[in-house]
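Computed from heavy atoms alone, side chains included, the values below leave out hydrogens, waters and symmetry copies. Chain letters run A, B, ... following the sequence lines, proteins first and then strands; every chain starts at 1.
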Amino acid sequence: MTSEYNPKEIEASIQEYWNQTNTSSVSKIDTPKYYCLSMFPYPSGKLHMGHVRNYTIGDVISRFKTMNGFNVLQPMGWDAFGLPAENAAIENNVAPNIWTEKNISHMKQQFKKLGFGYDWSREINTSNPDYYKWEQWFFIQLFNKGLVYRKESEVNWDPVDETVLANEQVIDGKGWRSGAIVQKRKIDQYFLKITDYCEDLLEGLNTLTDWPSQVKLMQENWIGKSNGISFDFNISDSNKKFRVFTTRPDTIFGATYCAIAAEHPISLSLAENNSEIAAFIESQKNLDKTAASMAKLEKKGIDTGLKAIHPITKELLPIWIANFILMDYGEGAVMCVPAHDQRDWEFATKYDLDIRQVIAGSSEDTDITLSAIEEKGNLINSNTFDGLNFEQAFNRISKVLVAEANGNVEVNYKLRDWGISRQRYWGCPIPIIHCDKCGILPVNEKDLPIQLPEIENISTRGLNLNSFEEWKKTTCPNCSNSAQRETDTFDTFFESSWYFARFAGPSDSAMLSEESKYWLPVDQYIGGIEHAILHLLYARFFNKLMKEQGLIENSEPFTKLLTQGMVLADAYYYLNEDGNPVWLNKSNVSESEKGLISVEGKKVIKDGMSKMSKSKLNGVDPEDLMERYGADTIRLYTMFAAPADQSLEWSDTSIEGSARFIKRLWNLVDSMRFQNLQEPIELEKIAKELRYKTHKTLQKVTNDLGERGSYNTPIAATMELINAIPEDFKSKEIIENNKFVVQELISYVLRMLHPFIPHVTLELLKRFENKKLVDIDLSWPQLRKDLLILDEVEIVIQVNGKVRGKMLCSSDSEQQHIEPLALQHENVAKFVDPENLVKVIYIKNKLINLVVK
RNA sequence: GGGGAUGUGAUGGAACUGGUAGACAUGCUUGGCUUAGAACCAAGUGCCGCAAGGCGUGGGGGUUCGACUCCCUCCAUCCCUACCA
């Protein structure tokens, strides 16, 4: 009567049932609603473990909410524009759209095999004109509102491939494909005024009570609000001046030099007559200005010979050109206070410039010869300002600077406007027309969408719209003369900034339909922690823009956020002749007497756990695992192995444990059949305890899934419950009252595990309850609070905080009853002389701590 | 450099509000089953110690009757850093 667990067969038949009954497609407008969204993937070819983890979490939550009576929307789509499609096009000579379509159809099959319950009727492909038409339409609204502007800004230019490179395509200052030294080029690009919304975005964070606090903190720091002052420095023996910005006017008496950017107008004008300065500026021209590489930058500078006049002391300060000052930030010039700013300190130490302490350190061992003192404190060596604290000094010194140096106290934000232009082919065309006479104009709305041109022959260099001569030709919407289309495309963050709303209300006649108002906001959003800042900030920004446009009603897009950790695995490499690492897949590494060796016999070094990636060859293919264990096992393992918000370390042996558990569950349940039994009035002790544990487990699992957002612990709790079934309760001779208890347990276990392993639990319920799949009641079990009351509890007896004994007592006993019993406890008595008892701490139903001298 | 996390047995982790550290699982050891192996089943498994007991949550310090949990400090690892998505 029992059979062997066969995941392939079971999963195929359950999925077939879901397909036929269309279980995941929502049409009703019904309360309570629950919109559960996982970040949609880039269709890179096949799913990786990070995807599996992300989407399993979403599916568990969705199924749990469905079982609890919610009308659940769980959609899925494709963030289809992006670089990899262009790279694939060049490498394999396939058009990006064809490559993308192929990937989507494969990944969609994988999604279905994993048993994720998506409403595919709402599928979005962002590279589809039906989708990006509305993105273009929305951009035009923003353009007309004055939220879009053009500004010159730098791009990475590969002179060999004649293409613009993304930051990740620049390796050690060279183009990844051509190897050519990457140049910086300035071109006109579109920007969106996100900085107009700094305060809104900051304040909105306070309303996001169900977001992880570290994500809110990261966004707050990214927006980076600070108070500061900008003011002028006059240059000695000249009528010229330059402006600086500082958040630390309290340190102004410690300013010993000024630094300006290489691209600063003063630098450029000096370079005309000074070959040394010109050479220095030239040497810094192709500097990689990403924050990460600026951090590693060796600080370099050159003395201009000019002197700035200190606005208060009138001292003359040397002006240096420094490579760590960027023209794009602030004023492109700073006053340098080496005693109280670490960068200034390093620069001053290197070039032997004065260091003057003007803030008292908080402890005695602070020493400005070793490093800068960046903390705030009371002023010293600052003339009449000595003794003031930061706030007082800020206010009083600012007043002087306002009066004497054209100063202006201002609120500053680190957040910069969003550069949305990309010089690419595989992206959404920016709907702008350039007319010689009328200038830059948005496309007429009736002409939308502006579709991408079909690719004819794929260049081996980079792809971009600029090379589509025919496509570029158009007419001016204003004067009807011949004009040119904009050839930049949107940053792909544009598409992912509003897809969540489109899922909620797709429509042919509007960006969003009325239905979106029912579903929005997203109740639960799930995605990688790596999106904590950019994607989530842009989506919040778009949400505000859409609200202003009257498209939606809610102020924030995602009510609850879960940021999942990364999937890591061991990586292995050996060093080649040039001393560079050659990465190896684990299957090509073996253990020998000499340690790890590769199949070629090279000495292999274990790099430890790192993010699964193509470059390190340490990825695990979910497809292989699916073939070996089935979807339920993978789902169970990814949820069980680590808390969802922490990184998950891959282990080949550990997944076996999950497979084994399902097999054990199968063997246990498949040997039992449900009989309709009366709830017994009286139970023997052991049965009563088991029933208590069943309901206690339900309480924990419900709380973990519903409130705590903990997805590994419910699995452990359920395993524990199964382990607690006494051996004789599984036998055929079991008495009827006990049989009731086991049946209840099994039926609860299958439902509690259903969100995690939906196929096997459904199949087991079908067999156990002897029902057709459609007739199975999948609602969440009801908690019986009356069964959670215990007659007896175990009290821990501590002496000076150390456990010395335990005893059973009737629950809710008072201290006066417990204390004498504790003192009488055999082992406790050894440690306590009642005469030395100084204090007794009693925590009801938990412990008693006897404190002795 | 800046910002954010993490650190508990051999390993992944649990301990939810300051109250029994190590649940659950992996690995390992022993035994059963088997011609053998795999699978499965049973028992054991933080460290030191014969035991009593002592020690133990990255290191050091503090608060507390009591600290994985709170505070200070140091160290290590990982992620993000604005054109990867």
> Reading nucleotides 23-34 of chain B from the 5' end, what letters show protein touch, with B for base, S for backbone sugar-phosphate only, - for no heavy atom under 4.0 Å?
Replying inline: BBSSS-------
>> Does the protein touch nucleotides 75-85 of chain B at the base, only the backbone, or not at all? Give it as B, S and - per nucleotide, heavy atoms under 4.0 Å.
In response: ---SSSBBBBB
>> Please classify the glycosidic conformation of B/G9 as syn (within 90° of 0) or anti (everything else).
In response: syn
>> If you assign each of A/Lys663 and A/Ile841 to its closest nucleotide in RNA chain B, which residue comes earlier from the 5' end?
In response: A/Lys663
Taking side-chain hydrogen bond (donor to acceptor under 3.5 Å, both in side chains) as the test, write out the residues that go with [X], two or more places apart.
| X | result |
| --- | --- |
| A/Lys299 | A/Glu346 |
| A/Asn221 | none |
| A/Thr563 | none |
| A/Arg343 | none |

>> Just to be sure I understand the rule, does A/Arg343 reach a base, reach only the sugar-phosphate, or reach nothing, if contact means heavy atoms closer than 4.0 Å?
In response: nothing
>> Run the ring-ring contact (aromatic ring centres under 6.0 Å, His included) test against A/Tyr499 and tell me which residues pass, sequence neighbours left out.
In response: A/Phe40, A/Phe503
>> Suppose we screen for ring-ring contact (aromatic ring centres under 6.0 Å, His included). Which residues come up paired with A/Phe490, at least two apart in sequence or across chains?
In response: A/Phe139, A/Phe494
> Can you check the A/Lys296 NZ to B/G1 C1' distance for me, whole Å?
Replying inline: 11 Å
Donor-acceptor contacts under 3.5 Å from residues 836-849 of chain A side chains, at least two apart:
residue  : atom : partner  : partner atom : Å
A/Tyr842 : OH   : A/Ser813 : O            : 2.7
A/Lys844 : NZ   : A/Glu814 : OE2          : 3.4
A/Asn845 : OD1  : A/Asp812 : N            : 2.8
A/Asn845 : ND2  : A/Asp812 : OD1          : 3.0
A/Asn849 : OD1  : A/Asn800 : N            : 3.4
A/Asn849 : OD1  : A/Gly801 : N            : 3.0

>> Once side-chain contact (heavy atoms from CB on, under 4.5 Å) is applied, do any residues pair with A/Asn466, and if so which ones, sequence neighbours excluded?
In response: A/Asn464, A/Lys472, A/Thr487
>> Which residues pass the side-chain contact (heavy atoms from CB on, under 4.5 Å) test with A/Thr100, not counting sequence neighbours?
In response: A/Pro43, A/Ala80, A/Ala85, A/Ile104, A/Trp426
>> Distance check, C1' atoms only: B/U35 and B/G27, in whole angstrom units.
In response: 28 Å
> With rounding to whole Å, what would you report as the distance between B/A76 and B/C50 at their C1' atoms?
Replying inline: 39 Å
Filtered N/O pairs between nucleotides 44-47 of chain B and protein, under 3.5 Å:
none

>> Under 6.0 Å between ring centres: does that hold for A/Trp418 and A/Phe191?
In response: no
>> Would you say the rings of A/Phe81 and A/Tyr132 are close, in the sense that their centroids are separated by under 6.0 Å?
In response: yes
> Would you say B/G19 has OP1 or OP2 under 4.0 Å from some side-chain N or O of A/Asn849?
Replying inline: no
